[in-house]
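Here is the structure we will look at.
When reading the values below, keep in mind they use all heavy atoms of this one structure, side chains included, and skip hydrogens, waters and symmetry mates. Residue indices begin at 1 and follow the sequence shown.
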Amino acid sequence: MMRFGEMLNKETIKPRNLSETLARLGKYFVQYWYMIALAVLFVVVSTWTQVTTPELTGQATDCFLVPAGASAFEGFGSFAPQADSQAQTTSSCYLTTDDPSTLSFTRKLVYNAYTFGGFETPDPANMTSDQRIEGLTRLIVIMLTLFVLSSVLTGATFFTMAWTGQHVLRVMRVEVFKQLHKLSLSYYSEHEAGDLMSRITNDTTAIEQAFSFALVNVFSGILLLVWVSYNMLTTNLPFALLSLAVAPIMFLATYYFSEQARKAFRVSREEIGNVNAELQESIAAVREVQAFNRADENIEQFKEVNAANRDANVRAVAYTSALAPTLEAFSYVALAVVTGVGGWYLLTGQTLLGTTVTLGLVVTFLGYVQRFNQPIQQIAVLWTNIQNAIAGAERIFTILDEKPAVNNKPAAKEMPEIKGLVEFENATHSYEDGIPVLKDVSFTAQPGQTIAIVGPTGAGKTTIINLIPRFYDVTSGSVKIDGMDVRDVSMKSLREQIGIVLQDTFLFSQSVMENVRFGRPNATDEEVIAAIKLANADSFIERLPEKYQTVLGERGSGLSQGQRQLLSIARAALSDPKILILDEATSSVDTRTERLIQKAFDELLKGRTAFVIAHRLSTIRNADVILVLTDGQIIERGKHDELLANEGFYYDLYMSQFKKQEELRGEPA
């Protein structure tokens with residue numbers, strides 16, 4: 001079991017809509033109702049064994065260890081019992097009753113187990129030593145059986161709920177993962193990947209742990225408290241009220257220390273965040289620290305932050321350390337009340353508000369008090385875990401309830417084989433309401449043409465290419481391919497005919513072959529190798545340890561930017577797209593690699609409609625049409641030479657940026 005302090009150290013987040021969230025969670029668990037019902041049965045039976053054993057201990061005392069009340073206290077003089085010992089012994093030992101039909105359900109079960117095989121014992125006052133030993137042995141066997149049964153059922157309960165929780169966890173994670181693939185790019189621009197990963201891992205795990213561990217403990221703890229209280233009150237009401245007198249104080253102590261510890265741990269989490277921030281900043285800026293001789297000052301500043309974290313943790317630990325001994329002390333008080341009051345009435349032979357006190361009754365209540373004290377702290381702590389889990393479920397349901405910004409129409413058609421005619425008709429797009437990044441953009445790309453898009457940062461270049469595969473939809477106007485509005489066709493049939501090569505290439509931790517095959521999983525090895533050769537990537541692949549079967553590191557670590565780009569081009573070539581989008585695909589490579597990439601592009605662009613965003617002149621000089629964007633509008637369009645002759649915005653851009661590239665490389669204008 002997790003330690004008390006560790007559980008309180010978790011951030012406590014209360015659910016906002018408890019009933020609705022529980023109802024939705026119930027839909028996941030209801031399909032495993034049979035396992036939950038089995039777990040509930042196990043808990044009930046296990047709790048029954050725990051509340052039954054204290055009474056059996058009392059029976060062992062009154063029936064066999066001290067069968068005659070007077071014999072146990074002979075020689076106590078004035079403390080000798082005044083009540084009739086035979087009466088009080090007979091009334092408290094139900095194992096020798098002549099009429100078992102008058103017994104309660106639990107006592108009847110114990111009686112039947114005790115008398116199994118026809119075993120009978122006389123009245124306790126008339127037992128011989130052998131009969132007492134034999135009866136006590138039978139009762140001890142019953143008690144041991146109950147202890148073993150309780151342990152087995154407890155283990156079975158946790159296994160059953162853990163099995164259920166793991167199955168629910170799998171279903172929820174798959175649903176969230178599917179939903180994340182349905183959501184539009186606009187959602188990811190507003191939510192951090194780390195937060196989304198936390199929801200699919202930490203929040204789902206919190207739910208699984210709460211329902212397979214915390215909920216079981218809380219349910220069994222509450223059931224134990226209620227059942228023990230009921231048994232105490234029905235066994236001897238006055239004695240029960242005395243035994244439970246300390247319980248309200250224990251509950252208040254648990255609540256107070258738990259709340260104070262949570263507040264202290266919250267401060268501790270903030271302080272450790274400051275420590276981490278200070279560490280990160282100092283390590284990242286170590287060059288500046290040494291250059292400006294700031295090491296001593298940084299050390300002193302870190303000492304202050306670290307000391308604050310130390311003080312916060314000490315305060316939190318002080319509260320967590322105080323709770324356990326406080327509850328233990330009150331437990332001893334409760335035991336002292338039972339022992340002292342019970343012992344007094346037992347020794348003096350007096351009745352407690354009209355009820356007889358026997359040694360077995362005192363022993364029984366000692367067991368009840370111990371059982372009662374056990375779950376109090378456990379419930380207080382684990383209930384917080386359940387709240388956190390329900391709040392985590394709310395965060396998960398928030399993702400599942402998110403509606404994609406881009407959806408297929410109910411009657412979306414399949415996109416036929418694309419020929420390559422692309423038309424923008426007064427296309428306007430806004431990422432935020434009222435702030436358009438594209439304003440009435442219109443142009444036509446004929447099949448097989450290469451359209452270059454240039455302009456300053458933020459002009460809307462990337463937005464144009466995002467509208468073609470429907471990563472976003474136009475706010476007004478339309479984007480058409482072969483005369484069909486892209487919003488009228490299914491996204492799958494549209495996107496599988498469009499290839500994209502981005503500046504920041506993403507490669508998976510798989511082999512070279514599998515990375516290239518990503519866009520067309522059913523391609524043969526021969527087709528993959530052909531695409532790699534078209535991209536001029538075969539030369540460096542042949543130098544890899546396992547050649548085409550070399551497993552790449554995360555995001556293609558171990559390869560240069562240019563090599564990753566060549567693999568990205570091979571991936572696009574393998575998918576054989578009818579429309580190709582190149583988003584600044586050569587802006588981060590050296591001149592030699594750029595020539596290889598350009599040569600690959602020359603092959604890749606043949607017969608395809610292409611849209612090229614580039615910061616290098618060599619990738620756009622031979623474009624059929626150059627679109628010059630600024631502030632979300634096309635201000636110039638034409639071929640390279642035509643735009644230079646106009647001496648407009650493109651001319652200024654060329655003279656300030658591209659001209660220098662030509663001079664450095666010795667390229668002709």
Side-chain angles (χ1 to χ4, degrees), residues 184-186 189 404-456 458-500 577-583 605 607-614 620 623-639 642-643 646 648-650:
S184 308
L185 291 185
S186 57
S189 64
V406 179
N407 284 297
N408 285 327
K409 287 185 175 180
K413 304 174 183 178
E414 291 295 302
M415 185 74 190
E417 185 176 346
I418 292 176
K419 297 177 182 177
L421 176 65
V422 180
E423 300 170 279
F424 275 62
E425 296 180 355
N426 299 316
T428 299
H429 179 74
S430 301
Y431 294 109
E432 299 179 23
D433 292 340
I435 309 176
V437 292
L438 279 187
K439 306 170 186 175
D440 296 322
V441 170
S442 298
F443 67 87
T444 300
Q446 297 296 331
Q449 279 191 332
T450 296
I451 308 298
I453 307 173
V454 299
K461 304 186 295 295
T462 300
T463 302
I464 286 180
I465 65 172
N466 281 336
L467 295 177
I468 299 172
R470 283 196 74 197
F471 292 149
Y472 298 91
D473 274 338
V474 293
T475 307
S476 63
S478 65
V479 177
K480 296 181 179 179
I481 296 178
D482 295 341
M484 300 181 67
D485 194 312
V486 294
R487 292 170 292 186
D488 294 334
V489 300
S490 70
M491 288 183 285
K492 182 178 183 297
S493 65
L494 171 67
R495 292 173 181 173
E496 66 185 6
Q497 299 188 67
I498 298 175
I500 301 177
K578 304 304 178 183
I579 295 175
L580 185 63
I581 295 172
L582 309 175
D583 186 1
L605 296 178
R608 295 182 172 89
T609 303
F611 294 85
V612 182
I613 296 177
I620 60 175
D624 296 295
V625 178
I626 299 174
L627 302 179
V628 184
L629 266 71
T630 182
D631 196 24
Q633 295 177 306
I634 298 175
I635 59 173
E636 293 180 338
R637 67 183 75 197
K639 289 182 174 292
E642 295 172 355
L643 294 176
N646 291 338
F649 187 90
Y650 181 79

Q) Where is the tightest heavy-atom contact between T450 and D624, given as atom of each residue plus distance? A) N-OD2, 2.7 Å
Q) Between S490 and E414, does any side-chain donor sit less than 3.5 Å from a side-chain acceptor? A) yes
Is a side-chain donor or acceptor of [X] paired with a backbone partner of [Y] at a separation under 3.5 angstrom?
X	Y	answer
S478	D485	no
T630	A459	no
Q497	P416	yes
T428	K439	no
N408	M491	yes
R608	P577	yes

Q: State which residue, out of I465, L421, I481, fulfils the side-chain contact (heavy atoms from CB on, under 4.5 Å) condition with I579.
A: I481
Q) So which of L643, I626, V628, L627 actually passes side-chain contact (heavy atoms from CB on, under 4.5 Å) with R637? A) L627
Q.
Pair V625, F443 - check side chain to side chain contact (heavy atoms under 4.5 Å, CB included), show working.
A. CA-CA 10 Å; V625 178; F443 67 87; over 6 Å; no
Q. Do L467 and L438 pass the side chain to side chain contact (heavy atoms under 4.5 Å, CB included) test, and can you show the C-alpha distance, the side-chain angles, and the key distance before you say yes or no?
A. CA-CA 11 Å; L467 295 177; L438 279 187; 3.7 Å; yes
